[in-house]
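Reading through the structure tokens given below for one structure.
Positions are given from 1, in the same order as the sequence printed here.
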Amino acid sequence: MTQSDDDRISALEAGLRLDDPRFAHGFGQGRPRRPREYRRGRAWLAMTLALTAVVVGAVLPHGLLLAAGLVGAACAVNLFDTSHQRRFRQPRS
């Protein structure tokens with residue numbers, strides 16, 4: 001490879017280390033992890049809790065719990081969309 005190709009690759013590597021260190025570290029160990037965009041554990045947990053509140057609020061006639069579950073489910077849906085997170089993330093210095 002030419003020197004300019006090496007510079008580009010090292011710039012990509014440095015950018016990856018700054019953007020998602022866990023993903024870059026996994027590559028170095030030979031066991032790659034999922035990128036940040038595909039990790040949605042918190043989103044699934046929030047959705048499960050919200051839907052549980054909806055079901056409990058519907059089974060027990062409790063309107064406030066039902067409404068809170070619906071609002072929580074609407075907020076949890078936003079956690080699944082990762083395209084907006086990249087736009088608003090502050091650059092690291």
With A67, which residues qualify under side chain to side chain contact (heavy atoms under 4.5 Å, CB included), at least two apart? none
Sequence neighbours excluded, the answer for side chain to side chain contact (heavy atoms under 4.5 Å, CB included) partners of A46 is A76, L79
Co-members of the apolar cluster containing V71 [side chain, <4.5 Å]: none
Could I get the full list of side chain to side chain contact (heavy atoms under 4.5 Å, CB included) partners for T48, not counting sequence neighbours? T52
Minimum heavy-atom distance between G69 and V54, given as atom pair plus value: C-CG2, 3.4 Å
Which atom pair, heavy atoms only, marks the closest approach of A50 to A73? CB-N, 3.3 Å
Which residue pairs pass the ring pair (Phe, Tyr, Trp, His ring centres under 6.0 Å) test when at least one of the two sits in residues 42-77, sequence neighbours left out? W44-F80
May I ask you to list the residues sharing a hydrophobic cluster with L65, side-chain cutoff 4.5 Å, ordered by chain and number? V56, L60
Grab the two heavy atoms, one from L66 and one from A58, that are nearest each other, plus how far apart they are. CD1-N, 4.2 Å
